[in-house]
Amino acid sequence: MRIVSVRNLPKNVDFLARGVLEGALGGLDVDEETLRRLGFTGEASQVMIVPGDGPLIAFVGLGSVEDLDAEVVRGGVAALMRKSLDHSHVGVDFSAAIDEGLDARDLARGAVEGVHLGSYEFSSYRSEPKVIALRRVSITLPGRANVAEAFEMANAVGEAVSLARDFVNEPGGSLTPTQFARRSVAMARKSGLTAKVWDAAAIRKGKLGGLIGVNRGSDNEARLLELSYDPGTKRHKTLALVGKGITFDAGGLSIKTAVGMATMKCDMGGAAAVIGAMSALNVTRPRCAVRAWVPMTDNMLGGDATRPGDVLKIRNGKTIEVLNTDAEGRLVLADGLSLASEASPDAIIDVATLTGACMVALGRDMAGVM
């Protein structure tokens, strides 16, 4: 799929969408009263499709002008894309709805990211994969600002999010730690990153006791992935990223329920987010160095699985008594954070699907940030 910025929409679009601010329904291709009768008000992310003589016409709500920003545009375009995947060429026109005083680059970024988010599909394992007709999206924005760089960066971010989603959607039986590391190394080569993979012997030699302990119940060897981005300048800060890479979490001997285990192929979401972020750095080009450490293992119930009461020693020498083997995330992160700390970065960010208690505290729509 190709996403392009155009001054004027081409005539060969087969699905035409126009951005509409809340309450500003006059002057559109469809009578204002008709839109109101259909329930369309211009509320953020509201999409109304109206058949016409030529291409299908859609109106995308952008909410109030006071609240309009890149995030609102991203949400609106994503909602639109989910309704337009059966069309090959979609035109999105924001030129009449958005005041030229707003930053066209931010709006371009929101629109392109919205295209990626709304058109994403994972159908690798379907017996009859869904056919996506969408091949081109043309976007018009107000003003004459050069948005080429914004488009390039937003494309990189959108592709990074799709990569992370692909990893999270992969079944735990196919995305083993070995495969996860191998696919990440392939991404690193493509993205100009430096990659290093610790195998089982290197993990033992490195005294990563938390990762070793969680991996004891598995037939799949653990891996520790290192990724590095160099900004190419002599003086720079360094950011460290650490991601939890539990490719499947059965809970170990403190086994989960069947319902609790159903989505545990997703327990490497932190690792997926970190690897996805690293994949975009060659385009987003931060001025700091970025290094990532990603411990990878599943948490299973094999014959030598870690037992409640066992004591593990992690990389930095701290000992941990394991009382519940389903608290495995903090064990592998302890090793990852220890390695990151040894590199003396200026800041460390770790990302993890760490505990269901977070949903109890904050609900399903809010992330916990500590």
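These values consider heavy atoms only, across backbone and side chains, with no hydrogens, waters or symmetry-generated copies.
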Colleague: How many angstroms lie between atom CZ of R82 and atom CG of L117, to the nearest 0.5 angstrom?
Modeller: 8.0 Å

Colleague: Answer yes or no: does atom NZ of K313 have more than 12 heavy-atom neighbours from other residues, nucleotides or ligands under 6.0 Å?
Modeller: no

Colleague: Once you round to the nearest 0.5 Å, how far does CG of L331 lie from CD1 of I246?
Modeller: 8.5 Å

Colleague: Is it true that K265 and E170 have a side-chain N and a carboxylate O under 4.0 angstrom from each other?
Modeller: no

Colleague: Quick one: closest heavy-atom pair of V6 and T140, and the distance?
Modeller: O-CG2, 3.2 Å

Colleague: Report, as yes or no, whether the 6.0 Å neighbourhood of atom CD on E32 holds more than 12 heavy atoms from other residues, nucleotides or ligands.
Modeller: yes

Colleague: Any side-chain heavy-atom pair from Y120 and M81 closer than 4.5 angstrom?
Modeller: no

Colleague: Between OG of S279 and NZ of K190, what distance do you get to the nearest 0.5 Å?
Modeller: 9.0 Å

Colleague: Could you tell me the separation between the CE atom of M153 and the CD atom of E113, rounded to the nearest 0.5 Å?
Modeller: 9.5 Å

Colleague: Tell me whether R315 is salt-bridged to D335, with the criterion being a basic N under 4.0 Å from an acidic carboxylate O.
Modeller: no

Colleague: Of V214, L208, L224, which meets side chain to side chain contact (heavy atoms under 4.5 Å, CB included) against V332?
Modeller: V214

Colleague: If the plane angle is over 60° it's perpendicular, under 30° parallel, otherwise tilted; pick one for F122 and Y125.
Modeller: tilted

Colleague: Side chain to side chain contact (heavy atoms under 4.5 Å, CB included) with L281: which of L227, D230, V290?
Modeller: V290

Colleague: Less than 4.5 Å apart, side chain to side chain, heavy atoms only: is that true for V30 and F59?
Modeller: yes

Colleague: Should we say atom CG of D304 is surrounded by more than 12 heavy atoms from elsewhere, each under 6.0 Å from it?
Modeller: yes

Colleague: Of all the heavy-atom pairs spanning G172 and F248, show the shortest one and how long it is.
Modeller: CA-CB, 4.4 Å

Colleague: With a sphere of 6.0 Å drawn around CD of E71, does it hold more than 12 non-hydrogen atoms of other residues, nucleotides or ligands?
Modeller: no

Colleague: Using only atom types and a distance under 3.5 Å, with no angle test, would you say the side chain of R307 pairs donor to acceptor with the backbone of A305?
Modeller: yes

Colleague: So do V161 and H116 actually touch side chain to side chain, heavy atoms under 4.5 Å?
Modeller: no

Colleague: Is there a side-chain contact between S88 and D14 (heavy atoms, below 4.5 Å)?
Modeller: yes

Colleague: Are any of the side-chain heavy atoms of Y229 and L239 separated by less than 4.5 Å?
Modeller: no

Colleague: Nearest 0.5 Å, please: how far is OG in S138 from CD1 in I3?
Modeller: 10.5 Å

Colleague: Is there a side-chain contact between V20 and L25, using heavy atoms and a 4.5 Å cut-off?
Modeller: yes

Colleague: Under 4.5 Å between any side-chain heavy atoms of E328 and D267, yes or no?
Modeller: yes

Colleague: Regarding T297 and N215, do their side chains bring together a donor and an acceptor under 3.5 Å, going by distance alone?
Modeller: yes

Colleague: Got more than 12 heavy atoms from elsewhere within 6.0 Å of CZ, R189?
Modeller: no

Colleague: Do the side chain of T325 and the main chain of S254 share a donor and acceptor less than 3.5 angstrom apart?
Modeller: yes

Colleague: Would you confirm whether Q46, through its side chain, and G42, through its main-chain N or O, come within 3.5 Å as a donor-acceptor pair?
Modeller: yes

Colleague: Taking side chain to side chain contact (heavy atoms under 4.5 Å, CB included) as the criterion, tell me which of I203, L225, L211 meets it with W198.
Modeller: I203

Colleague: Closest heavy-atom contact between V147 and A104?
Modeller: CG1-O, 3.9 Å

Colleague: Taking all atoms of both residues into account, what is the closest heavy-atom pair of R223 and D199, and its distance?
Modeller: NH1-CA, 3.8 Å

Colleague: In terms of side-chain heavy atoms, does S218 have a donor or acceptor partner in D298 at a distance below 3.5 Å?
Modeller: yes

Colleague: Write down the atom of V13, the atom of P55, and the distance for their closest heavy-atom approach.
Modeller: O-CB, 3.5 Å

Colleague: Does the side chain of V77 come within less than 4.5 Å of V60's, by heavy atoms?
Modeller: no

Colleague: As a test of understanding, state which of P231, P345, C288 forms a side chain to side chain contact (heavy atoms under 4.5 Å, CB included) with K237.
Modeller: C288

Colleague: Can you tell me how far apart CG (L35) and CE (M48) are? Round to the nearest 0.5 Å.
Modeller: 7.0 Å

